[in-house]
Structures are given as structure tokens and as C-alpha cells.
> 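Have a look at this one.
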Amino acid sequence: MTGDFLSLLEKQRVPAGGIATHAIEPIQATTVFAFHCAEGVIIAGDHRATAGNIVFSDKTEKILELDSHSLMAIAGVPATAFEMARTLQTAFEYYRRSQLQQMSLPAKLRALSRLLRENLPATLQGIGIVSPIFAGIETADSKAKPGIWFYDPLGAQFEAASFAGSGSGSGAIKAVLHYLEAWGKPKPADLPLAKAVVLANRLLLTAAVFDTATGGVHPDQQEFATLRLLSEKGIRTVTREEQEKMWKDHG
């Protein structure tokens, strides 16, 4: 007999946490991504949540504001991700009020890593996996620019130079963004907000062609992506009405 203990459990159809794999089909939220544009960082997501082969919802909000200068995009189990977001929101606000200043960006990044590591039992059981994207800016530095970080489900963090994606539809999106960053004229990082918003919606439409778990974005029906812009000024929500106008003008 070969293999480690976890692989043995899997062969016997018993997950590491002792919960039968067929007993529960967790809801999954996909797809999210972020990229730099001329005005800051665009962070976007579709609206679909699935449970196995079932479309659970096409109205899911996956971009969560943690404070005035940080955002988290969720891919994975929404229940776990939403609880992480609430924990971070409370921690960031408590620090701001008790210390009379914003928590530093490195501390925010470590706080999310710690929550992901603490979620290890649920990750091993396969019922609480979260693979988020974080966008933030160091508020103590007046010259700082917004950045993008992505995480694996165990809490390892990586800074993205140009873009990041997570979820089942992110492969197609990252491939297109890489092509545009390498050979596009202009590159995504040079796009004004309106054209960056159009690009974000087109990326989700492209992902939906190849991934059934990506959906809920239909510009012809006035249904657009969830979109936030993070800049030195803070967070701006790009509303459905704004996206509709941008799509008509530049789509």
C-alpha cells in the first residue's frame, strides 16, 4: 500500500474531516479577477454561484469592501468567504478606532493569510475552500499606488504585477489579459476607466463560453459585472447604469 494518510482516506471515499463526500454539495462562487488600468485597479466578478451541476444563483455579489481602501474578491465557498470578510471588516475598523489610524497594508495582507490558514480543516474536507483576490493601498504613504494580491486556499499570498484571477473561469481571462499585456495597444494598464469596464465585461463573456460556472453577465439584457475601482481616492462602485452607458459608447 502506497500513499499518505490523506490519499488513503480519499481512496476509501472518506475525506480528511470524516464527512462523507456525497453528504453535501457546497455552493461555489466563481469567477473573479483584477487588473491595473489607467485610473487604478479594476476588480470584477460575475454573478453565478453553483452547487455541483446546479446553478444556485445568478445574482451573487463577489466583490466585498473591507474598508475604505481595501477589497476582497471571493472564489470558492461563499459562506466561508463572507465570514472571513466580516471578520476582517470588524478587525480593520476596531484597529482604526482604537489606534486612531488605518491598519498598515502588510498587516491587512497577513490578516487574510491567517484566516485562510485557520480554515485548513474545512479546506481539507472540501466544504470550505476559499481562494480570494485582495486589492489594497498603503494609506500612510501619499505616493502609494494600489496593488493586487492573490492567495492559495492555505494562505500563501502572491503579489500580481499586472493582473490576477481566481475561480473556474479565470484561466481564459488570465490568458486574454496576458496576451493584451504582452502585445495589446493600448495595454490594459493604460486603458481609461470606461474602456477598462468594457474589457472586464467582455472577459467575463469570454469565460462564460468555456465555463458553465461563469454567468449572470448579459450586456444585451442590461446585466453587467460587479465592478469596483480602487484608486488613491478610495473605492468607487461602477454602477449598472454607468456600465450600460460605457458599453453603448465603447462596446
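Basis for what follows: all heavy atoms, side chains included, without hydrogens, waters or symmetry-related copies. All values reported here derive from a predicted model rather than from experimental measurement. All residue numbers in this chain count up from 1 along the given sequence.
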> Could you tell me the separation between the CG atom of Leu230 and the CD1 atom of Ile43, rounded to the nearest 0.5 Å?
8.5 Å
> Determine whether Lys108 and Gln102 make a side-chain contact, defined as any pair of heavy atoms from C-beta on separated by less than 4.5 Å.
yes
> Quick one: are Val198 and Phe224 in side-chain contact, heavy atoms under 4.5 Å?
no
> For the pair Thr31 and Thr214, evaluate side chain to side chain donor-acceptor pair (under 3.5 Å) and give the outcome as yes or no after the intermediate values.
CA-CA 6 Å; Thr31 299; Thr214 302; 2.7 Å; yes
> Are Arg86 and Gln89 close enough that some pair of their side-chain heavy atoms sits under 4.5 Å apart?
yes
> Identify whether NZ of Lys or CZ of Arg in Lys174 sits under 6.0 Å from the centre of the six-membered ring of Phe163 and within 45° of that ring's axis.
no
> Going by heavy atoms in the side chains, are Glu65 and Thr237 under 4.5 Å from each other?
yes
> Can you confirm whether Pro106 sits close enough to Glu138 that some side-chain heavy atom of one is under 4.5 Å from a side-chain heavy atom of the other?
yes
> Heavy atoms only: give me the nearest Ala81-Met72 pair and the separation to one decimal.
O-CE, 3.6 Å
> Would you say that Ser68 contacts Ile235 through its side chain, given a criterion of any heavy-atom pair below 4.5 Å between the two side chains?
no
> Counting only heavy atoms not in Phe56, do more than 12 fall under 6.0 Å of its CZ?
no
> For Gly76 versus Pro78, what's the shortest heavy-atom pair and its separation?
O-CD, 3.2 Å
> Show your reasoning for whether side chain to side chain donor-acceptor pair (under 3.5 Å) applies to Asp211 and Ser168.
CA-CA 7 Å; Asp211 176 43; Ser168 60; 2.7 Å; yes
> Report yes or no: does Asp46 contribute a side-chain atom to a donor-acceptor pair with the main-chain N or O of Gly215 at less than 3.5 Å?
yes
> Indicate, with yes or no, if Leu116 and Ile127 share a hydrophobic cluster defined by side-chain heavy-atom contacts under 4.5 Å among Ile, Leu, Val, Met, Phe, Trp and Tyr.
no
> Applying side chain to side chain contact (heavy atoms under 4.5 Å, CB included) to Val32 and Phe150, what does each step give before you reach the verdict?
CA-CA 11 Å; Val32 294; Phe150 59 98; over 6 Å; no
> Any chain of hydrophobic side-chain contacts (each under 4.5 Å) joining Val197 to Leu205?
yes
> Distance check, rounded to the nearest 0.5 Å: Glu93 atom CD versus Ser98 atom OG?
9.5 Å
> Could you report the tightest heavy-atom contact between Gln157 and Ser113, atom names first, then the distance?
OE1-OG, 3.3 Å
> Given Asn119, which partner from the list Ile129, Thr80, Leu154 fulfils the side-chain contact (heavy atoms from CB on, under 4.5 Å) test?
Thr80
> Testing the basics here: between Ser70 and Phe92, what is the closest heavy-atom pair and its distance to 0.1 Å?
OG-CE1, 3.9 Å
> Taking all non-hydrogen atoms of both residues into account, name the closest pair between Ala144 and Ile137 and its distance.
O-CD1, 3.4 Å
> Verify the cluster assignment for Leu124 and Leu115: are they in a single hydrophobic cluster under the rule of side-chain heavy atoms below 4.5 Å apart?
no
> Let me confirm one number: the OH-CZ distance from Tyr151 to Phe134, rounded to the nearest 0.5 Å.
6.0 Å
> Run Arg236 and Leu193 through side chain to side chain contact (heavy atoms under 4.5 Å, CB included) and show every step you take.
CA-CA 11 Å; Arg236 173 185 170 185; Leu193 178 61; 3.2 Å; yes
> Can you find a heavy atom in the side chain of Gln101 that is under 4.5 Å from one in the side chain of Arg96?
no
> Does NZ in Lys195 sit with more than 12 non-hydrogen atoms of other residues, nucleotides or ligands closer than 6.0 Å?
no
> Starting at CZ of Phe35, measure out to CG of Leu191 and round the result to the nearest 0.5 Å.
7.0 Å
> Kindly indicate whether the side chain of Glu244, heavy atoms from C-beta on, has any atom under 4.5 Å from the side chain of Lys248.
yes
> Kindly determine whether Thr50 and Asn53 satisfy side chain to side chain contact (heavy atoms under 4.5 Å, CB included), including the steps that lead there.
CA-CA 7 Å; Thr50 59; Asn53 65 330; over 6 Å; no
> Taking Val217 as the starting point, is it possible to reach Leu199 by hopping between hydrophobic residues whose side chains are less than 4.5 Å apart?
yes
> Between Arg48 and Thr212 (side chain of the first, backbone of the second, donor and acceptor by atom type, cut-off under 3.5 Å), is there such a pair?
yes
> Going by the side chain to side chain donor-acceptor pair (under 3.5 Å) test, name the single residue among Arg240, Gln243, Glu61 that passes it with Thr226.
Glu61
> Just how far is it from atom CE of Met103 to atom CG of Leu88, taken to the nearest 0.5 Å?
8.5 Å
> Do you know the tightest heavy-atom contact between Leu64 and Ala85?
CD1-CB, 3.5 Å
> Let's go through Gln222 and Trp247 carefully: what are the C-alpha distance in whole Å and the side-chain angles of both, what is the deciding distance for side chain to side chain contact (heavy atoms under 4.5 Å, CB included) to 0.1 Å, and is it a yes or a no?
CA-CA 10 Å; Gln222 291 75 51; Trp247 185 266; over 6 Å; no
> Do Trp183 and Leu203 belong to the same hydrophobic cluster, where Ile, Leu, Val, Met, Phe, Trp and Tyr are linked whenever their side-chain heavy atoms lie under 4.5 Å apart, directly or via other members?
yes
> Show the numbers, then the answer: is there a side chain to side chain donor-acceptor pair (under 3.5 Å) between Glu39 and Ser231?
CA-CA 6 Å; Glu39 297 185 33; Ser231 68; over 6 Å; no
> To the closest 0.5 Å, what do you measure between CG (Asn201) and NE2 (His218)?
11.5 Å
> Taking NE2 in His178 as the centre, count heavy atoms belonging to other residues, nucleotides or ligands within less than 6.0 Å. Is the count above 12?
no
> Look at Lys245 together with Glu241 and state whether they make a salt bridge at an N to O cut-off of under 4.0 Å.
no
